[in-house]
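Start at 1 and go down the list; that is how both ligands and their atoms are numbered. Model, not experiment: these values are computed from the prediction.
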Amino acid sequence: MKCRKCQNKASVHMRQHKLALCKEHYLEWIPEQTEKFIKKYQMFTREEKILVAVSGGKDSLSLWEILVRLGYKADGLYLGLGIDTSTSLSAGSGIAYSQESQRLSEKFANEHNLKLHVVDIEKEYGQSIPMLAQSSHRGYGKPCAVCGLAKRHEMNRVARDLGYDVLATGHNLDDEAAVLFGNTLSWASEYLLRQGPVLPETNGLARKVKPLCRFYEREMTAYAMLSGIEYIYEECPFAEGSQSIFYKETLNQLETARPGAKLIFYLRFLEARKSGELFIEKNVKLGLLHACPKCGQPTSTPDFCSFCRMVEKANVKTE
Ligand code: AMP
Ligand code: FES
Ligand code: ZN
Ligand code: ZN
């Protein structure tokens with residue numbers, strides 16, 4: 001297979017796009033496409049300050065690299081979750097997941113001369129994610145729900161406190177298609193209404209963007225590897241056996257039988273939503289938000305926000 005642009009030997013073959021490219025042209029193609037998506041969905045401009053949430057994984061580190069390469073003003077945010085177990089892949093290596101992902105995020109920032117904010121949840125709130133999960137009813141002791149809540153809360157808090165215009169995450173097409181699949185299976189219309197490449201700023205919530213949402217996971221792996229980014233290979237140890245992994249595997253089977261199915265599933269959803277074809281546009285109104293009396297962030301729950309309630313409850317239990 002030859003590169004479409006230069007006829008040299010292709011390194012990456014994308015069946016779903018009927019496109020094969022050599023290393024050099026692939027490393028140009030991904031940022032070019034990203035720039036197109038940023039413009040198409042009006043994510044941000046070169047004048048705006050971007051905060052990239054980096055986990056030490058291939059997607060978010062590649063996103064940071066791409067934005068900087070394209071000339072955007074982007075700083076990083078790493079959240080220390082305090083997950084000190086190792087994954088099954090690295091079991092026995094003694095390397096804790098959070099420690100390793102922090103090391104790789106910091107290494108990337110140093111090597112590229114970029115600014116990385118680090119927030120440690122345990123230092124900030126007295127409890128790490130696994131500790132918070134132990135004392136929470138969310139997810140029956142499995143930390144993922146607590147972790148998701150804490151990450152959303154902290155990303156928004158830091159973005160707003162430090163005056164960033166927009167918060168960018170590394171979600172790729174596989175992530176977005178899996179979420180969409182789950183929400184469609186249960187027709188979770190409120191969630192469907194909020195899913196998309198851009199979530200506009202609303203009272204107290206920073207604008208959120210996902211510039212990589214149209215790239216397949218394997219395209220991002222190829223990008224990170226070919227551009228020499230050192231990232232953490234392992235998934236979070238708690239992700240094993242999760243519903244989102246099951247949905248991803250199911251969609252991968254579909255994709256194998258019908259190349260492009262995942263992209264079509266996601267893009268047609270975006271089109272239908274935009275044109276107002278979905279029933280959700282007509283019937284669902286987003287709940288009204290008010291400021292949490294403790295942290296000031298917007299919430300739809302009465303009184304304190306879910307995050308503040310969770311932290312308070314956890315601290316009462318351990319006092
Ligand atoms: P995940 O929820 O782990 O699939 O991650 C989705 C996106 O959330 C990543 O691409 C990052 O942008 C962001 N993210 C995940 N974990 C962290 C973390 N510990 N610190 C900062 N951002 C994170
Ligand atoms: Fe948060 Fe796994 S529980 S990343
Ligand atoms: Zn080429
Ligand atoms: Zn709060």
query = Does even one non-hydrogen atom of Asp175 get within less than 4.0 Å of ligand 1?
reply = no
query = Are any side-chain N or O atoms of Asp165 and backbone N or O atoms of Lys49, one a donor and one an acceptor, separated by less than 3.5 Å?
reply = yes
query = Is it true that Glu124 and Arg157 make a salt bridge, defined as a side-chain N closer than 4.0 Å to a carboxylate O?
reply = yes
ask   = Can you tell me the protein heavy atom closest to atom 21 (C) of ligand 1 and the distance?
value = Val54 O, 3.1 Å
inquiry  = Is it the case that the side chains of Glu219 and Gln33 hold a donor-acceptor pair, with the cut-off being a distance below 3.5 Å and no angle test?
reply    = no
task = Taking only Lys NZ, Arg NE, NH1 and NH2, and the carboxylate oxygens of Asp or Glu, determine whether Glu271 and Lys274 approach each other closer than 4.0 Å.
result = no
message = Looking only at side-chain N and O atoms, does Tyr231 offer a donor or acceptor that is under 3.5 Å from a partner on Ser62?
response = no
request  = Report yes or no: does His153 have an N/O/S atom closer than 2.8 Å to the Zn ion (ligand 4)?
outcome  = no
key: Expected output: side-chain Glu48 to main-chain Thr45 donor-acceptor under 3.5 Å   = yes
inquiry  = Strictly distance-based, threshold 3.5 Å: is any side-chain N or O of Arg160 a donor or acceptor partner for the main-chain N or O of Leu205?
reply    = no
query = Relative to the heavy atoms of Leu81, which atoms of ligand 1 are at a distance of less than 4.0 Å?
reply = 19 (N)
note = Of all protein heavy atoms, the one nearest atom 9 (C) of ligand 1 is Gly170 N, 3.9 Å
query = Would you call Arg214 and Glu176 a salt bridge, using N to O less than 4.0 angstrom?
reply = no
message = Using a 4.0 Å cut-off to any heavy atom of Thr169, which atoms of ligand 1 qualify?
response = 12 (O)
query = Looking at the rings of Tyr223 and Phe215, which for Trp means the six-membered one, are their centres under 6.0 Å apart?
reply = no
query = Is it true that a side-chain atom of Ser11 and a backbone atom of Lys23 form a donor plus acceptor pair closer than 3.5 Å?
reply = yes
query = Can you give the angle Cys3 SG - the Zn ion (ligand 3) - Cys22 SG, rounded to 10°?
reply = 110°
note = For atom 6 (C) of ligand 1, the closest protein heavy atom turns out to be His171 NE2, 3.3 Å
remark   = Filtering Glu235, Met220, Met155, Glu154 for the heavy atom nearest atom 13 (C) of ligand 1 leaves Met155
Contact (N/O only, under 3.5 Å) between Ala53 and ligand 1 = yes
query = How far is atom 16 (N) of ligand 1 from its nearest protein heavy atom, and which residue and atom name does that atom have?
reply = Ser55 CB, 3.3 Å
query = Of the choices Val158, Leu61, Leu79, Ile121, which has the non-hydrogen atom that lies closest to atom 20 (N) of ligand 1?
reply = Leu79
task = Could you tell me which N, O or S atom of His25 is nearest to the Zn ion (ligand 3)?
result = ND1
key: Heteroatom proximity flag, Ala168 to ligand 1, N/O under 3.5 Å   = no
Atom 3 (O) of ligand 1: nearest protein contact (heavy atom, Å) = Lys151 NZ, 3.7 Å
key: Aromatic centroids of Tyr125 and Phe307 separated by under 6.0 Å   = yes
Metal-centred angle, SG of Cys305 through the Zn ion (ligand 4) to SG of Cys308, rounded to 10 degrees = 110°
remark   = So the atoms of ligand 1 within less than 4.0 Å of a heavy atom of Leu77 turn out to be 21 (C)
key: Angle, SG of Cys292 through the Zn ion (ligand 4) to SG of Cys295 - 10° precision   = 100°
key: Those atoms of ligand 1 less than 4.0 Å from some heavy atom in Ser60   = 10 (O), 11 (C), 12 (O)
ask   = Between Lys208 and Asn156, does any side-chain donor sit less than 3.5 Å from a side-chain acceptor?
value = no
